[in-house]
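Okay, structure first, notes after.
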Amino acid sequence: MSKVSVFRREHFNAAHRLFNPGWSDEKNFEIFGKCANPHYHGHNYELEIKVTGETDPETGYVMDLKKLSDLVKENVLNEFDHKNLNLDTKYFTNINPTAENIVIVIYEILRKKIDVSFDLGIRLYETDRNFVEYPVK
Ligand code: NI
C-alpha cells in the first residue's frame, strides 16, 4: 500500500502576550519586545494539519478531509478562535503562548483524536514569514 499525506488548512484569530512572570518588566521587554505589551496583541494564525497514512482500498481516501476539518473546528478552533490565549484558554496558564508552544498544544490535542495508524504533523504560521512545525522529523 502506498502512503500519502493529506493536508487541511485552517485559520484562527487570537490574542496573546509573551511574558515571563519570573522576570522584571524591563527584562520582559528586553527579551520579548512589543510582544510583552501588557494589553496583548493579535495574530491571524494559519494552521496546516498533515495526516499521513495508507489509502483505504474502498474509499481511496487516507482520511475524509471533511471529517478532519470537523475535528479541527471542534477541538482547536472552538478553543482558540477569537480568544485571548493567555486568559481564555486553559493551555497557557503556565507556559508562554509562543508559536512553538501553541503548535505543541495543538498537536497534543489532535493526536488524541486521530488514530495512531496515521502520522500527524502540524505547521502553524504566526505571520506569512514566521512559522513553526511539530513534530520535528
Ligand atoms: Ni505575538
Side-chain angles (χ1 to χ4, degrees):
M1 279 294 188
S2 302
K3 283 194 168 183
V4 177
S5 295
V6 297
F7 296 76
R8 176 73 192 176
R9 186 174 290 160
E10 298 285 353
H11 174 84
F12 62 95
N13 304 104
H16 74 166
R17 179 195 191 194
L18 303 183
F19 185 79
N20 184 327
W23 293 348
S24 66
D25 285 354
E26 290 73 23
K27 178 148 189 199
N28 272 292
F29 279 105
E30 185 191 318
I31 301 297
F32 297 121
K34 290 186 292 188
C35 291
N37 273 344
H39 293 159
Y40 306 92
H41 64 277
H43 290 282
N44 298 315
Y45 289 98
E46 292 287 336
L47 185 60
E48 273 178 21
I49 301 100
K50 176 185 181 182
V51 176
T52 303
E54 288 176 359
T55 52
D56 183 300
E58 290 186 308
T59 62
Y61 285 161
V62 171
M63 185 180 189
D64 184 337
L65 286 178
K66 173 72 170 73
K67 284 186 184 155
L68 180 59
S69 170
D70 289 346
L71 207 60
V72 176
K73 282 199 180 78
E74 200 176 305
N75 297 285
V76 178
L77 305 189
N78 285 352
E79 297 259 13
F80 292 172
D81 190 35
H82 286 72
K83 298 285 177 68
N84 179 312
L85 297 177
N86 302 74
L87 302 179
D88 300 334
T89 76
K90 63 185 175 192
Y91 299 102
F92 304 102
T93 43
N94 296 314
I95 56 169
N96 240 348
T98 57
E100 290 88 332
N101 283 331
I102 299 168
V103 78
I104 294 170
V105 163
I106 292 172
Y107 174 86
E108 298 295 345
I109 292 171
L110 290 177
R111 185 66 277 186
K112 294 189 187 87
K113 304 286 176 183
I114 293 171
D115 191 273
V116 289
S117 62
F118 297 108
D119 277 334
L120 178 63
I122 310 287
R123 212 177 240 204
L124 180 72
Y125 291 78
E126 194 169 74
T127 70
D128 285 346
R129 293 162 190 259
N130 294 345
F131 56 97
V132 295
E133 188 174 62
Y134 185 79
V136 172
K137 298 282 178 196

| task | May I ask whether L110 and V105 are part of the same hydrophobic cluster, defined by side-chain heavy atoms of I, L, V, M, F, W, Y residues being less than 4.5 angstrom apart, directly or through others? | result | yes
| message | A side-chain contact here means heavy atoms from C-beta on lying under 4.5 Å apart; do L47 and V72 qualify? | response | yes
| task | Search all heavy atoms of A36 against all heavy atoms of R17 and return the closest pair with its distance. | result | O-NE, 2.8 Å
| task | Could you check whether the rings of Y45 and F12 sit parallel, tilted or perpendicular, using 30° and 60° as the cut-offs? | result | parallel
| query | Side chains of F80 and L85: does their closest heavy-atom pair fall under 4.5 Å? | reply | yes
| query | Taking the side chain from D119 and the backbone from T52, do they hold a donor-acceptor pair closer than 3.5 Å? | reply | no
| said: If you define the side chain from C-beta out and look only at heavy atoms, does anything of L18 sit under 4.5 Å from P97? | reply: yes
| task | Please check if atom CZ in R9 has more than 12 non-hydrogen atoms from other residues, nucleotides or ligands closer than 6.0 Å. | result | no
| said: Are I95 and V132 connected into the same hydrophobic cluster when the rule is that any two of I, L, V, M, F, W, Y join if their side-chain heavy atoms are below 4.5 Å apart? | reply: yes
| remark: Heavy atoms of G121 and P135 approach each other most closely as CA-CD, 4.1 Å
| request: Compare every heavy atom of V51 with every heavy atom of V62, then report the nearest pair and how far apart it is. | output: CG1-O, 4.3 Å
| field | Validation row: N37, F29 side chains within 4.5 angstrom (heavy atoms) | value | yes
| query | Between the main-chain N or O of N84 and the side-chain N or O of D88, is there a donor-acceptor pair closer than 3.5 Å? | reply | yes
| task | Evaluate whether atom OH of Y61 has more than 12 neighbouring non-hydrogen atoms of other residues, nucleotides or ligands under 6.0 angstrom away. | result | no
| request: Drop me the distance from E74's CD to E79's CD, to the nearest 0.5 angstrom. | output: 10.5 Å
| task | Rounded to the nearest 0.5 Å, what's the gap from CD1 on I102 to CD on E126? Could you check? | result | 6.0 Å
| Going by an N to O cut-off under 4.0 Å, is there a salt bridge joining E48 and K50? | no
| query | Taking the side chain from N44 and the backbone from N13, do they hold a donor-acceptor pair closer than 3.5 Å? | reply | no
| Among the clusters formed by ILVMFWY side chains lying less than 4.5 Å apart, do I104 and I109 turn up in the same one? | yes
| said: Could you check whether any side-chain heavy atom of I114 comes within less than 4.5 Å of a side-chain heavy atom of L68, counting everything from C-beta outward? | reply: yes
| field | Heavy-atom check, side chain of F19 versus side chain of N86, under 4.5 Å | value | no
| query | So how far is it from K113 NZ to N75 CG, rounded to the nearest 0.5 Å? | reply | 4.5 Å
| Do the side chains of L65 and I122 join up, straight or via other hydrophobic residues, at under 4.5 Å, putting them in one cluster? | yes
| task | Nearest 0.5 Å please: distance from the OG1 atom of T98 over to the CZ atom of F92. | result | 8.0 Å
| message | Between Y40 and L87, is the side-chain contact (heavy atoms from CB on, under 4.5 Å) condition met? List the steps. | response | CA-CA 10 Å; Y40 306 92; L87 302 179; 3.5 Å; yes
| About how many Å separate CD1 of I49 and CE of M63, when rounded to the nearest 0.5 Å? | 10.0 Å
| message | Would you say that H16 contacts H41 through its side chain, given a criterion of any heavy-atom pair below 4.5 Å between the two side chains? | response | yes
| query | Under 4.5 Å between side-chain heavy atoms, hopping through other hydrophobics if needed: is there a path connecting Y125 to L77? | reply | no
| note | Heavy-atom nearest pair, K83 first then T89, reads CB-CG2, 4.4 Å
| If we ignore angles and hydrogens, is there a donor and acceptor under 3.5 Å between the side chains of S117 and D115? | yes
| Interatomic distance, I106 atom CD1 to N101 atom CG [nearest 0.5 angstrom] | 11.0 Å
